[in-house]
Chemist: 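Right, I'll just put the structure down here and ask away after.
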Amino acid sequence: MPKPIVCLSEQLRQFAEIFRFCFSKRQWKYFVIVLLGLIECEERKTMSGLLRVIGEQVSLSGLSRFLNKWRWSPAEVAQSWSLHFRQRMEPLVECEHARLKAAQPKRIGRPKQTVVTGFLIFDDSVHTKPKGQKMGGLGYHYSNTEQKVVTGHCLFTGLYVLLGQRCPLEPRMYCQKKVCEQEKRPFQSKVAMAVEEIENFEPVPDTQTHVLIDSWYHCKQVRRAAQKRGWQVSGALKSNRTMRLIAQDGTRTWIQLSKYAAGLTPEDWSEVIWPSAEGGQKMYAHLVVSWIRKLGPTLLLVTCHDPKEPLKTVRYWGSTILDLDAQTLVDILAVRWEVETFFEYEKDLLGSDHYQVMTQQAVLRLWTLTACLLCFLEEQRMPSEDQAVTCGDVRRKIQNEHRQNLLLWLETRFRDGLSVEQVSYQLAL
């Protein structure tokens, strides 16, 4: 059933007000329509699908102009939700510092400085578009989901995780060099995008930042950019990376990570628990400080599921923090899974790959509005000790509130003496 904008939940209304200065009065109305449509729409979230659940007298062409032609800045929208996130988290960080100080054992001398760490995670996700031959920015990308190269758009973005709360960065589109040459615009690699984000990112005050990446982004450029800002870096490593071994006589040799792992014995592994929503998974880990070629000093972590046959499930990880134990490093690396959950919410919950718009600008704007709504859902997600609250739970709660608001609105209209035809017109039925 259609729901007019007047039936917006109070939480969503207040959140939308944060972005009013980013839009003109007419544009802001379409901004709210898109947010409301993404919450209410249960079918494919195309422009037509969004309008079918909105009880407003607006046209498909108007929504198309909002996404394609009207002048507004996705970067401004992203900066607004980032600023709102920082302001919201500052008092929580202060409380966390106070809690950590209170938990310190009493001793003589100055108390140890407390540390609150925020995690900055980068990754990309392919949005398959097999029939979108004339869409802007379309290219050939490898999809991990389909395990093959597909036609589509590549979304590059980041996620800032702090004290259990997540804030997306501005979505960007990665295009291959050939596509950029055809469309006559500058090419930028994924690594260059990650470096630029690290250089420009503004964390919450009084926190330390730890960059988490997969093997594609784990390179010298990313490490240098993070280390210039005093940040740590941890992430996956490819098996063909080479590490330096120092023998007892001082002889130095270089060996591939895969060959090093093949030489480990069952006694070289220790048991760890990989954190998960299901309660954790038992794994085995081997930890060693080494020098990784083109990366520098690295705490190397090798993991597997069976120490007797490690090569069947072996994976490699590295960190710039050299004094961690295996379980602590595993706990840090597990945080990177938050970005996978974020992409899952974008696609499965909010349909970020359902779009049928033709221009690159419209695609980026839809991605931005989807990320904006996820920022709202994260803000409303209140973790509890008894049960984890997901963005899907929040979305269903907001939907129920909208239904209650609609019933109250209908009751008021009929009490005011409006006919069924008049109410139907107001609902754009």
Side-chain angles (χ1 to χ4, degrees), residues 3 8-19 31-32 34-42 45 77-78 80-96 99 116-121 123 125 155 157-171 203-204 207 210 212 275-280 331-332 334-352 367-405:
K3 296 142 179 95
L8 274 179
S9 69
E10 186 59 30
Q11 302 97 316
L12 184 56
R13 188 190 303 277
Q14 291 176 1
F15 181 78
E17 286 291 338
I18 297 170
F19 305 91
F31 166 70
V32 176
V34 173
L35 295 188
L36 180 58
L38 289 173
I39 286 180
E40 296 296 330
C41 185
E42 298 293 353
K45 294 169 181 62
V77 175
S80 298
W81 80 58
S82 296
L83 176 61
H84 174 67
F85 179 82
R86 289 194 298 272
Q87 292 173 343
R88 184 167 65 86
M89 295 303 296
E90 281 181 17
L92 299 181
V93 169
E94 291 180 7
C95 291
E96 181 65 10
R99 186 190 69 80
V116 177
T117 301
F119 298 93
L120 187 60
I121 313 169
D123 207 350
S125 176
L155 164 65
T157 190
L159 195 65
Y160 185 45
V161 182
L162 178 64
L163 298 178
Q165 292 284 294
R166 302 182 292 190
C167 178
L169 304 187
E170 179 188 356
V204 176
T207 63
H210 196 137
L212 300 179
S276 68
E278 291 73 27
D331 292 341
I332 290 172
V335 177
R336 205 199 74 82
W337 188 252
E338 296 284 354
V339 78
E340 304 293 343
T341 308
F342 170 74
F343 284 137
E344 182 181 346
Y345 281 148
E346 277 204 319
K347 288 185 176 181
D348 298 343
L349 190 67
L350 302 181
S352 67
W367 284 348
T368 300
L369 298 180
T370 302
C372 182
L373 180 59
L374 273 173
C375 194
F376 164 74
L377 296 177
E378 279 292 323
E379 182 178 340
Q380 299 300 312
R381 188 173 62 89
M382 298 296 291
S384 64
E385 296 181 0
D386 300 328
Q387 185 178 6
V389 179
T390 67
C391 289
D393 296 331
V394 174
R395 181 171 177 257
R396 286 186 288 272
K397 179 183 176 182
I398 297 296
Q399 287 176 337
N400 290 334
E401 188 171 341
H402 286 167
R403 293 187 184 99
Q404 293 294 325
N405 291 346

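All values reported here derive from a predicted model rather than from experimental measurement.
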Chemist: Does any donor atom in the side chain of T370 or K45 lie under 3.5 Å from an acceptor atom in the other side chain?
Modeler: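 There is no such pair (donor and acceptor under 3.5 Å, judged by atom type) between the side chains of T370 and K45.
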
Chemist: Restricting to non-hydrogen atoms, name the atom on P203 and the atom on Y160 that form the minimum distance, rounded to 0.1 Å.
Modeler: CB-OH, 3.7 Å

Chemist: Which distance, rounded to the nearest 0.5 Å, do you find between the CG of L350 and the CG of L374?
Modeler: 5.0 Å

Chemist: Just jot down the ring pair (Phe, Tyr, Trp, His ring centres under 6.0 Å) partners of F376, sequence neighbours excluded, or say none.
Modeler: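 Partners of F376 by the ring pair (Phe, Tyr, Trp, His ring centres under 6.0 Å) criterion, ordered by chain and then number, come out as F15.
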
Chemist: Kindly indicate whether the side chain of Y345, heavy atoms from C-beta on, has any atom under 4.5 Å from the side chain of R166.
Modeler: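 Of all side-chain heavy-atom pairs linking R166 with Y345, at least one is under 4.5 Å.
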
Chemist: Side chain of D393, backbone of T390: donor and acceptor closer than 3.5 Å?
Modeler: yes

Chemist: Please report the interatomic distance CG(D123) to CH2(W337), rounded to the nearest 0.5 Å.
Modeler: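 Answer for the CG-CH2 pair, D123 versus W337, is 10.0 Å.
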
Chemist: Which heavy-atom pair separates V389 from V394 by the least distance, and what is that distance?
Modeler: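 Closest approach of V389 to V394: CG1-CG2, 4.1 Å.
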
Chemist: Is there a donor-acceptor pair under 3.5 Å between the side chain of T157 and the backbone N or O of L169?
Modeler: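 At least one qualifying donor-acceptor pair exists.
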
Chemist: Taking C-beta and beyond as the side chain, do R13 and E10 meet within less than 4.5 Å on heavy atoms?
Modeler: yes

Chemist: Is W81 close to T368 at the side-chain level, that is, under 4.5 Å between some pair of heavy atoms?
Modeler: yes

Chemist: Report the distance from atom CZ of F19 to atom CG of L35, rounding to the nearest 0.5 Å.
Modeler: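 Going from CZ on F19 over to CG on L35, the span is 8.0 Å.
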
Chemist: With rounding to the nearest 0.5 Å, note down the distance linking CG in D348 to SG in C391.
Modeler: 12.5 Å

Chemist: Donor-acceptor check, side chain of Q399 to backbone of I39, threshold 3.5 angstrom: yes or no?
Modeler: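 Checking the backbone N and O of I39 against the side chain of Q399, a donor-acceptor pair under 3.5 Å is found.
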
Chemist: Would you say the side chain of S9 lies within less than 4.5 Å of the side chain of Q380, judging by non-hydrogen atoms?
Modeler: no

Chemist: Would E346 and S125 count as a side chain to side chain contact (heavy atoms under 4.5 Å, CB included) if you check the C-alpha gap in whole Å, the side-chain angles of each, and the deciding distance to 0.1 Å?
Modeler: CA-CA 10 Å; E346 277 204 319; S125 176; over 6 Å; no

Chemist: Evaluate the side chain to side chain contact (heavy atoms under 4.5 Å, CB included) criterion for residues H402 and L36: first the C-alpha distance (whole Å), next the side-chain angles of each, then the deciding distance (0.1 Å), finally the verdict.
Modeler: CA-CA 10 Å; H402 286 167; L36 180 58; 3.3 Å; yes

Chemist: Between L92 and L163, what is the shortest heavy-atom contact and its length?
Modeler: O-CD1, 3.7 Å

Chemist: For the residue pair R86 and L83, establish whether any side-chain heavy-atom pair is separated by less than 4.5 Å.
Modeler: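 Answer yes - side chains close enough.
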
Chemist: Is Q165 close to L162 at the side-chain level, that is, under 4.5 Å between some pair of heavy atoms?
Modeler: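 A side-chain contact under 4.5 Å is absent here.
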
Chemist: Show the numbers, then the answer: is there a side chain to side chain contact (heavy atoms under 4.5 Å, CB included) between L377 and L349?
Modeler: CA-CA 11 Å; L377 296 177; L349 190 67; 4.3 Å; yes

Chemist: State, with a plain yes or no, whether a side-chain heavy atom of L8 is found less than 4.5 Å away from one of N405.
Modeler: no

Chemist: What distance separates K347 NZ from L155 CG, expressed to the nearest 0.5 Å?
Modeler: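 Separation between the atoms: 8.5 Å.
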
Chemist: Count the heavy atoms of every other residue, nucleotide or ligand shown that sit under 6.0 Å from NZ of K397, and state whether that count exceeds 12.
Modeler: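 No, the 6.0 Å shell around NZ holds no more than 12 heavy atoms from other groups.
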
Chemist: Look up atom SG in C167 and atom CZ in R88, then write down how far apart they are to the nearest 0.5 Å.
Modeler: 8.0 Å

Chemist: Mind checking ring pair (Phe, Tyr, Trp, His ring centres under 6.0 Å) for H84 and listing every partner two or more places apart, or none if nothing turns up?
Modeler: none

Chemist: Please name all residues satisfying salt bridge (Lys or Arg N to Asp or Glu O under 4.0 Å) with E340, sequence neighbours left out, ordered by chain then number.
Modeler: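 With neighbours one apart ignored, the set is R336.
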
Chemist: For the residue pair D331 and P275, what are the closest heavy atoms and their distance?
Modeler: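 Closest approach of D331 to P275, heavy atoms only: OD1-CG, 3.3 Å.
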
Chemist: For a 4.5 angstrom cut-off between non-hydrogen side-chain atoms, does V335 reach H210?
Modeler: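 Answer no - side chains too far apart.
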
Chemist: Which atom pair, heavy atoms only, marks the closest approach of A78 to E170?
Modeler: CB-CB, 3.6 Å

Chemist: What verdict does the salt bridge (Lys or Arg N to Asp or Glu O under 4.0 Å) test give for E42 and R395, after you've listed the backbone C-alpha separation in whole Å, the side-chain angles of each residue and the deciding distance to 0.1 Å?
Modeler: CA-CA 11 Å; E42 298 293 353; R395 181 171 177 257; 3.7 Å; yes

